Q: 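This is the structure I have questions about; it appears just below.
Heavy atoms only: backbone and side chains are in, while hydrogens, waters and symmetry mates are out. Note on naming: letters A, B, ... go to the chains in the order of the sequence lines (proteins, then strands), and numbering restarts at 1 for each one. Fair warning: this is a prediction, and the values are worked out from it, not measured in the lab.
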Amino acid sequence: METENETEDLDVASIDFPPIDDGEAPPGDLEDLNPAQAEAVREVSGPMVVFAGAGSGKTRVITYRIATLLAVHRVPPYRVLAVTFTNKAAGEMKKRLTRLVGEDLARDLWVGTFHATCARILRRHFEAAGLARNFVVYDDDDGRAVMRRIYKELKIDDKRFPARATLGRIRKEKQEGNLPKDFIPGDPFERVVLEAFEAYERHLASANAVDFDDLLLRVLFLVEDAKSTVGADLRGRFRHVLVDEFQDVNRVQYRIVRALSSEYRNLCVVGDDDQSIYRWRGADVTIVRNFRRDYPDAQIVKLEQNYRSTGSVVTAALGVIKPAKDREPKELFTENDAGEPVTIVAASTERDEAAFVVERITALLSQGAPADEIAVFYRTHAQSRVLEELMRAERVPHQVIGGFRFFERAEVKDLLAYLRVITNPQSDVDLLRIVNVPARGIGDTTIERLTAVATERGSTLFDAIPALVASGRIKGPPKKSLADLHRLLSGLVKTAATGSPFEVALEVLEASGYREWLEREQTAESEARILNMGELLNAVKEHEDEMSAAGEIASLGTFLERVTLSAAADELKDQPKVALMTIHAAKGLEFEHVFLTGMEEDTFPLKSLDPEGRCDLEEERRLAYVAITRARTRLYISHVQMRTLYGNVRYASPSRFIADLPKEVLQQEVTTQMRTSLRRSIDTGYVGGMSERVVTAAPRLAWSRDTEPRTAGPVVTRQAGERFVEREDEPARRSGFAGASLQSSGLVSGSRVAHRSFGLGVVVEVDDSSDPTATVRFEGWGQKRVKVRFLEAD
DNA sequence: GAATGGCCCGGCTGC
DNA sequence: CGGGCCATTC
């Protein structure tokens, strides 16, 4: 890992570059590049911003630029930092660079995501960052567990101030670079937030743990610290810093790269403001748009030629992005053939939609299309289930990316918790998770006593065990169990000191009785869990192999960190399988055939709780643009007439984004079921048993809003852009308390209400439709639109 | 102290 | 619909 001390004085010029074997132009030979691309590769000195349109050869440019830095400008690889958006992208970039400049150079480059890069820096400079060497990274789940404990400790009322809201607010502050000391509470909620914030930071510190935001923040504080030598070292370490997907960085990340590149000022950022889709987690498009203001001497390159997609796909993409506001002026174009039209599919239900998708995919596969060149996208994970069920039934090889993730399954998390306690016994959250798994007779009362002792002594739970056992405050089986557990864990810590991660994992399964416990159960569920355990062991083994291939030594720590920092997109395996994923996960990927499903109002664009839907709509639009531009040759966009959500049938109209697609590149298909349903409604004048107010997206096709409706009768046609209408009798029937009764009980603006997730709020406006909705200003959340039936009077 | 059943409630996207 | 939490029961 620490190769740089030996290589610091290495004569890079003496290295023989291996021949290029993959048909890519060698570094320095820029013949194959267009003028803009060549400029982005050649001009390596000073700040630069590259606006890279979708499919404009961005990855190639970044790879060549780095290769040029190494091979032509002889920059030592360990002095180049490239930040990518996923670990997978980092891996691929390294692979390509290995082919271009050889293993020896590529190996020592710093390539990784923000989080992985920061973790790497913190592993080196843990002391300066105020951490112990074996710190662990807490994910959201762990954060929630910490917060639950804090709520108990501080006796905060979860009804009044939901933990979810508190944690959400803390995260938001940290994403903006704020710690408790920077937080000035205004209202009662914020006073609770501050109290919880302080406790949260205290808990993480005593657990020797950091959360995702801390990884960035701690590096930020180091690198911005004018007085620290580590900070000075970091500021001068990288001669070149490159950041991909720059449109999705947040303030803290921006400050980090600014500081890291402050000495040499060779900061090259690459992005596309049209593809900024992570605003909701702190990303800020204005950073890329204002880059020129922050770096007045920055060179600006625009890559506008799309090499990826057919003309039809590019035209469609331009159609959805054109209405977007505040775009960096640029014009994406292609010289590719128009190809086939984009197909708009009208289906009846999500099942019908899935059936269509699966049928078309089966056809593509039988025509010889590789399965891994086919992808199905949706806006939210919840939509994946029907698709997955049908694919399984039809035996279409597929993989679902994200969603219920492997590493989030209970049994997997259990074993991981064991491993984390072993690397870092200070981690209370992990100890609490496994203290009674498998059941060993340590119940709530014993745990409460243990927590009490830990609090009294100001120690961790692990250290409190011997104290409690010796204190005489417990006896009988719990006492013995606790003593046994302590012995078990201490023994495993010893194993870990000498054994490989794989050996330790095996030992955990045996010594803890976990494997035996699972095997005794003998249910279908426990069998699946046993399989998952096997898969997890495989993952440990694979990690060991990969690390040793890279000349590094695997430890539990490196394994755990990789697991915690892995992104959904990293799961995508190089296997011949159809990929199912959210559009967010699809960012940066491309496929020959793309199915974009669920293109209905309120599903996509997804109806937001935020009344200032305008900003959200902008981001939804960019998301649609990202989705469309993933397709190389064939693109299907489907929408359904009715969609079931939480057991409710909702009637949907086609997304307004469909209406934005230029007609001349579209063709329409209607599923058989949809056709039948249309005919029936036309024949009988009966539309799905609904009241007259409820209408169907029916015969007027989504994009033909200018044509005459073909039907007579009570079918009221809706156009793209209109919203869902819910059955009138639905909400009252199934909700515990009636929207109607609360409505008649006089919910007016000014009413004080409570919501399970958002806590206390004041009503700003009431919308008395069939399903009453109120705009409420919540403490700490701002204004939200919520259904009245989810509100309680305060 | 563990297991089971009922009830409540949700509203995304994710390192 | 289905997951998570709580209360009741063994």
Q: Within 45° of the ring axis of Y200(A) and under 6.0 Å from its six-membered ring centre, is that where the NZ or CZ of R149(A) lies?
A: no
Q: Expressed as a whole number of Å, how far does the P atom of dG4(C) sit from that of dT13(B)?
A: 14 Å
Q: How do D444(A) and A569(A) order along DNA chain B: which one's closest nucleotide is nearer the 5' end?
A: D444(A)
Q: Any idea which of dG1(B), dG14(B), dC12(B) is nearest the P478(A) side chain?
A: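 From the listed options, dG1(B) comes nearest.
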Q: Check every atom of dC12(B), dC5(C), dC15(B) against the side chain of R148(A) and return the nucleotide holding the closest atom.
A: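 Output: dC5(C).
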Q: Ignoring hydrogens and angles, are the base of dC15(B) and the side chain of D139(A) linked by a donor-acceptor pair under 3.5 Å?
A: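 Counting by modelled atom types and ignoring angles, no donor-acceptor contact under 3.5 Å is found here.
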Q: Calculate the interatomic distance between R144(A) atom CZ and dG4(C) atom P; express it in whole Å.
A: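 Computing the R144(A):CZ to dG4(C):P distance gives 10 Å.
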Q: Could you state the NZ-P distance from K88(A) to dC15(B), rounded to the nearest angstrom?
A: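 Whole-Å distance recorded here is 14 Å.
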Q: What integer distance in Å separates E245(A):CD from dC15(B):P?
A: 14 Å
Q: Are Y151(A) and T166(A) close enough that a side-chain donor and a side-chain acceptor fall under 3.5 Å?
A: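 T166(A) and Y151(A) do have a side-chain donor-acceptor pair below 3.5 Å.
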Q: Is there a side-chain contact between T564(A) and the phosphate of dC15(B), meaning an N or O under 4.0 Å from OP1 or OP2?
A: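 For T564(A), the contact criterion (side-chain N or O under 4.0 Å from OP1 or OP2 of dC15(B)) is not met.
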Q: Heavy-atom nearest nucleotide on DNA chain B for I277(A) versus T446(A): which residue maps closer to 5'?
A: T446(A)
Q: Checking side-chain contact (heavy atoms from CB on, under 4.5 Å) against V376(A), which of V594(A), V400(A), L580(A) comes through?
A: L580(A)
Q: Looking at R385(A), does any N or O in its side chain come under 4.0 Å of the phosphate oxygens OP1/OP2 on dG2(C)?
A: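 For R385(A), the contact criterion (side-chain N or O under 4.0 Å from OP1 or OP2 of dG2(C)) is met.
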Q: Just to confirm, is there a sub-4.0 Å distance from OP1 or OP2 of dC12(B) to any side-chain nitrogen or oxygen of R279(A)?
A: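 So the side chain of R279(A) is outside the cut-off, no N or O lying under 4.0 Å from OP1 or OP2 of dC12(B).
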Q: Does N436(A) put a side-chain nitrogen or oxygen below 4.0 Å from OP1 or OP2 of dA2(B)?
A: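 For N436(A), the contact criterion (side-chain N or O under 4.0 Å from OP1 or OP2 of dA2(B)) is met.
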Q: dG1(B), dC15(B), dT13(B): which one has an atom nearest the side-chain heavy atoms of H584(A)?
A: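 Comparing dG1(B), dC15(B), dT13(B) against the side chain of H584(A), the answer is dT13(B).
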Q: Using whole Å, report how far CZ of R164(A) lies from C1' of dG3(C).
A: 14 Å
Q: List for me each residue that meets ring pair (Phe, Tyr, Trp, His ring centres under 6.0 Å) alongside F85(A), sequence neighbours excluded, and say none if there are none.
A: Y278(A)
Q: For L645(A), answer base if it contacts any base atom (sugar-phosphate contacts may also be present), sugar-phosphate if it contacts only those atoms, and nothing otherwise; contact means non-hydrogen atoms under 4.0 Å.
A: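 L645(A): base contact, heavy atoms under 4.0 Å.
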Q: If you measure from the ring centre of F114(A) to the centre of the six-membered ring in the base of dC15(B), is it under 5.5 Å, with the planes under 30° apart?
A: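 Taking the rule of under 5.5 Å and under 30°, the ring of F114(A) does not stack on dC15(B).
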Q: Give the intermediate values and the outcome of side chain to side chain contact (heavy atoms under 4.5 Å, CB included) for residues Q383(A) and T603(A).
A: CA-CA 10 Å; Q383(A) 293 162 243; T603(A) 299; 3.7 Å; yes
Q: Just the rounded figure in Å: distance from P of dG11(B) to CZ of R650(A).
A: 14 Å
Q: When you look at R171(A) and L167(A), which way does the side chain to side chain contact (heavy atoms under 4.5 Å, CB included) test go after all the steps?
A: CA-CA 6 Å; R171(A) 242 175 245 151; L167(A) 201 54; 3.4 Å; yes
Q: Specify the separation, in whole Å, of atom OH of Y625(A) and atom P of dT13(B).
A: 24 Å
Q: Please tell me if T644(A) has a side-chain N or O lying less than 4.0 Å from either OP1 or OP2 of dC1(C).
A: no
Q: To the nearest angstrom, how far is R351(A) atom CZ from dC1(C) atom P?
A: 13 Å
Q: Need one value for T86(A): base, sugar-phosphate or nothing, where a base atom within 4.0 Å counts as base even if backbone is also close, heavy atoms only.
A: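 Result for T86(A) = nothing.
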Q: How long is the line joining CZ of R643(A) and P of dG11(B), in whole Å?
A: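 Rounding to the nearest Å, CZ of R643(A) and P of dG11(B) are 18 Å apart.
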Q: Counting only side-chain N and O atoms of H115(A), is one of them less than 4.0 Å from OP1 or OP2 of dG14(B)?
A: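 So the side chain of H115(A) is outside the cut-off, no N or O lying under 4.0 Å from OP1 or OP2 of dG14(B).
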